[in-house]
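Quick caveat: nothing in here was measured; it's all calculated off a predicted structure. Below, chain A is the first sequence line, B the second, and so on; all start at residue 1.
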2 protein chains.
Amino acid sequence: MVTHAQRSRGTMTGTATGRRRSTTKAARARATLSDVAREAGVSLATASRALNGTSGRAVGDGLRERVQAAADRLDYSPDANAQAMARGRTASIGLVVHDIADPYFSSIAAGVTAAADAGGYAVTLANTQHDHVRELHFVQTLQSQRARAIILAGGRQDDDEANDRLRAALRGYREQGGTVAVIGQAILGVSTVRVDNVGGSAALATALHGLGYRRFGVMAGPQRHLTARERTTGFVDALARLGVDVPPAAVVHSEFTRTGGNTALAELLLRAPDVELVFAVNDVMAVGAMSAARDAGIVVPGGLAFAGFDDIATLHDVNPALTTVHLPLEEMGRLATPLALDAAAEPREVVVTGEVRLRDSTPARSA
Amino acid sequence: MVTHAQRSRGTMTGTATGRRRSTTKAARARATLSDVAREAGVSLATASRALNGTSGRAVGDGLRERVQAAADRLDYSPDANAQAMARGRTASIGLVVHDIADPYFSSIAAGVTAAADAGGYAVTLANTQHDHVRELHFVQTLQSQRARAIILAGGRQDDDEANDRLRAALRGYREQGGTVAVIGQAILGVSTVRVDNVGGSAALATALHGLGYRRFGVMAGPQRHLTARERTTGFVDALARLGVDVPPAAVVHSEFTRTGGNTALAELLLRAPDVELVFAVNDVMAVGAMSAARDAGIVVPGGLAFAGFDDIATLHDVNPALTTVHLPLEEMGRLATPLALDAAAEPREVVVTGEVRLRDSTPARSA
DNA sequence: TTGTACGCGTTATCAC
DNA sequence: GTGATAACGCGTACAA
């Protein structure tokens with residue numbers, strides 16, 4: 001089935017180069033644009049123009065069809081790498097996430113791929129696994145690949161050294177013509193889809209206060225995690241403005257994950273036994289904590305109410321339904337794409353505001 | 001801050017080519033390998049060898065360091081596209097999924113990125129959104145990019161035309177030196193991580209039968225969806241072997257999604273009011289159906305028990321905990337990567353068997 | 001409208 | 001061990 005096409009190549013300068021691919025037996029020589037041109041009986045330039053409108057204007061209808069036919073016949077597939085070299089730019093954008101398995105990021109990725117696809121871009125996915133070094137490394141790799149733009153998704157850490165390093169890497173990338181956008185905090189000096197974590201958690205706090213809750217506990221996530229921190233302070237400060245105090249003892253730190261919420265609940269209950277409602281800075285923590293509460297024999301939401309943040313779609317069917325702050329994750333990815341592609345000198349900022357979704361996990365406490 | 005480096009380039013053939021990037025103001029000329037070579041006072045060849053061991057043997061220690069220093073000084077970033085051209089191969093693998101926002105695929109993606117990263121490969125993500133045409137298009141795009149390998153994740157459809165087209169596209173890709181692996185069914189003639197859906201659902205059926213259940217309903221997913229079909233028949237056939245009949249009326253078809261499970265429950269209960277347990281062919285459908293049951297005033301699992309398939313991590317905290325068949329999704333992605341990279345002539349097959357996880361949604365019915 | 005010829009940045013082959 | 005130099009496949013001024 002596999003045929004070894006044996007044919008001369010190009011206009012020939014002299015040495016009949018045996019292709020290096022001759023080592024493997026399964027590979028048939030790729031048809032190049034020169035092959036197509038020769039097959040169609042036109043020049044290389046004409047073939048190029050016929051297959052992608054650009055350059056010196058249009059091509060005669062007859063020729064265009066001949067070239068197209070030849071290309072089809074030879075199963076011609078343009079070499080994107082060669083095109084990238086010749087054009088000086090690629091059609092791919094890099095997406096850097098902390099953990100693609102996390103529904104937060106996979107939703108964003110869905111938005112990015114949709115927008116990229118619509119714009120004719122390919123997406124290179126980089127999964128840092130929460131590792132700063134790896135993140136830096138990916139930026140360099142994407143720069144090597146001459147990715148046209150990079151989208152950095154996910155909140156930043158309070159880590160000056162890491163941030164500085166990243167800023168430097170991004171500066172290098174941008175100086176070489178790349179453009180960048182971040183989803184999270186606007187602290188990198190580039191265009192940002194900023195999540196209004198403070199506003200969202202404040203709105204949530206206010207709504208819960210309106211429901212009659214007064215004694216709150218907070219599962220605040222990692223200390224240096226900016227998103228976690230913003231959501232915590234937004235929540236606590238809003239309550240303070242309402243005259244409700246959240247004692248430091250009722251704020252416990254843990255990982256940003258399901259496990260973090262699950263294991264930290266015990267500590268919270270130990271330090272603040274009288275809380276009525278636990279606000280976890282993201283949904284998965286909230287759900288993990290809810291499970292821990294049940295395992296401890298606590299009735300949910302009767303004995304203890306729970307609220308989260310993000311509104312992860314996969315979690316819509318937990319029982320009781322989780323009160324949370326809805327974030328348009330997929331749209332955030334979609335929004336970030338043109339932002340990343342935009343070469344504007346001044347960084348732009350798009351603010352995404354969450355929307356409070358009151359559900360069964362926080363019933364009114366009017367009684 | 002941005003400096004316009006004004007320097008001559010290369011050994012110069014004559015025309016002092018003004019770089020095309022001179023139009024934008026923000027871009028600084030990229031340092032090329034020639035620049036590094038000149039800066040270090042060595043030849044291009046030596047510079048190339050110094051920076052990546054290959055080609056004509058080693059480089060003297062002194063020179064190697066000088067080149068490295070020059071590269072650092074100039075902020076040299078190798079052009080992956082140029083390397084790809086010169087080497088005749090890239091270091092990126094394409095991952096094609098139906099929906100990256102689906103936890104099933106995002107977990108697989110996590111496994112693929114981890115394995116790819118370890119092997120020094122970049123991952124290009126393509127999201128088909130369940131569109132055959134788009135899937136085909138992505139294979140061609142990846143071929144254009146000369147991706148070294150392609151991983152097709154996700155079950156196939158019973159659609160000869162679409163499958164044939166895909167097979168043809170893959171054949172073209174492979175003839176040009178690419179390698180392919182599929183996660184799902186082994187019907188494409190390429191290496192496959194095959195999910196033993198039949199065995200998994202059969203084991204589940206047996207276990208549930210052992211728990212005392214006798215009247216089953218099945219939310220069977222889309223008619224032509226092979227994964228859905230395999231899980232359905234595996235389940236039904238195993239019960240038949242145990243002497244339990246699942247009447248056709250108790251098998252309802254719907255979408256493979258949460259919504260599919262949610263909306264189809266009513267129909268199932270209408271057609272088979274006496275079922276004790278509903279097996280949905282994946283977890284999200286099961287959870288959606290569970291919600292629908294609750295909304296209909298049915299007690300879960302007392303009034304109706306539920307089981308799913310996949311064991312999606314994000315769903316671990318639904319209440320009651322969902323009985324399901326555990327699939328090592330991330331590992332499946334990890335396994336698929338070397339399989340995809342392998343250029344073996346004969347397609348290989350790795351079988352992944354699910355593991356039954358009995359949980360609270362299907363309590364023993366010994367009474 | 002079409003063709004010629006050069007350059008894109010790198011690797012690899014061959015002499016030295 | 002090191003240095004010329006020919007590819008790699010394509011886009012595009014420039015000339016015709």
Side-chain angles (χ1 to χ4, degrees), chain A residues 9-21 29-38 40-64 66-67 71 76-90 144-146 176, chain B residues 9-21 29-38 40-64 66-67 71 76-90 144-146 176:
Chain A
R9 306 192 55 82
T11 26
M12 288 294 89
T13 39
T15 38
T17 43
R19 309 208 90 192
R20 58 168 155 273
R21 209 175 310 100
R30 279 188 247 277
T32 72
L33 191 54
S34 305
D35 297 332
V36 175
R38 184 158 13 88
V42 302
S43 78
L44 222 183
T46 301
S48 172
R49 291 188 279 249
L51 296 183
N52 56 61
T54 50
S55 191
R57 286 304 186 286
V59 185
D61 282 3
L63 283 195
R64 128 166 299 104
R66 261 193 12 228
V67 172
Y76 171 68
S77 160
D79 185 322
N81 293 299
Q83 291 183 318
M85 279 205 56
R87 292 190 180 132
R89 68 196 140 76
T90 64
S144 254
Q145 292 179 177
R146 304 294 185 255
Q176 313 219 337
Chain B
R9 308 192 55 83
T11 25
M12 289 294 91
T13 38
T15 37
T17 42
R19 307 205 93 193
R20 57 166 155 276
R21 210 175 310 99
R30 276 187 250 275
T32 73
L33 189 55
S34 305
D35 298 331
V36 175
R38 184 156 15 86
V42 302
S43 78
L44 222 186
T46 302
S48 173
R49 290 188 281 248
L51 296 183
N52 57 62
T54 49
S55 193
R57 286 304 187 285
V59 184
D61 282 2
L63 283 196
R64 129 168 297 105
R66 260 190 17 226
V67 172
Y76 172 68
S77 160
D79 186 322
N81 293 298
Q83 291 182 318
M85 277 205 57
R87 294 206 250 248
R89 67 197 140 77
T90 63
S144 254
Q145 292 179 176
R146 304 296 184 253
Q176 315 221 339

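Within the 3.5 Å criterion, the main-chain N or O of A:Gln145 finds a donor-acceptor partner in the side chain of B:Asn81. A distance-only check finds no donor-acceptor pair linking the side chain of A:Ser144 to the backbone of B:Ala80 [under 3.5 Å].
Among C:dC8, D:dT2, C:dT11, the nucleotide with an atom closest to any side-chain atom of B:Val59 is D:dT2.
A straight line from CG of B:Leu51 to C1' of C:dA12 spans 16 Å, rounded to a whole angstrom. A straight line from CE of A:Met85 to C1' of C:dC8 spans 4 Å, rounded to a whole angstrom. Between the CG atom of B:Asp61 and the P atom of D:dT2 there is a distance of 9 Å, rounded to whole Å. Counting to the nearest Å, the P atom of D:dG9 and the OH atom of A:Tyr76 are 10 Å from each other. The CZ-P distance, from B:Arg38 to D:dT2, rounds to 20 Å in whole Å. Rounded to an integer number of Å, the gap from CZ of B:Arg49 to C1' of C:dA12 is 9 Å. The interatomic distance linking B:Leu33 (CG) with C:dA12 (P) rounds to 12 Å, in whole Å. Here the P atom of nucleotide D:dG9 and the CZ atom of B:Arg146 are 8 Å apart, to the nearest Å.
In terms of position along DNA chain D, the nucleotide closest to B:Leu63 lies nearer the 5' end than the nucleotide closest to the other residue of the pair B:Leu63 and A:Pro78. Of the two residues contacting DNA chain C, namely B:Ala80 and A:Val42, the nearest-nucleotide position lying further toward the 5' end is that of A:Val42. For A:Leu44 and B:Ala45, each mapped to the nucleotide of DNA chain D holding its nearest heavy atom, the one lying further toward the 5' end belongs to B:Ala45.
Within the 4.5 Å cutoff, the side chain of A:Leu63 has heavy atoms near those of the A:Thr46 side chain. Side chains of A:Leu51 and A:Leu33 form a contact here, defined as non-hydrogen atoms less than 4.5 Å apart. Side-chain atoms of B:Gln83 and B:Asn52, non-hydrogen and from C-beta on, do get closer than 4.5 Å to each other.
Here A:Asn52 reaches the OP1 or OP2 of D:dG11: one of its side-chain N or O atoms lies under 4.0 Å away. The shortest distance between the side-chain N/O atoms of B:Thr46 and the OP1/OP2 oxygens of D:dG3 is below 4.0 Å. Between B:Gln83 and C:dG9, a side-chain N or O to OP1/OP2 separation shorter than 4.0 Å is absent. Contact annotation: A:Ser43 side-chain N/O to C:dT4 OP1/OP2 distance is not under 4.0 Å. Under 4.0 angstrom from either OP1 or OP2 of D:dC10 there lies no side-chain N or O belonging to A:Ser48.
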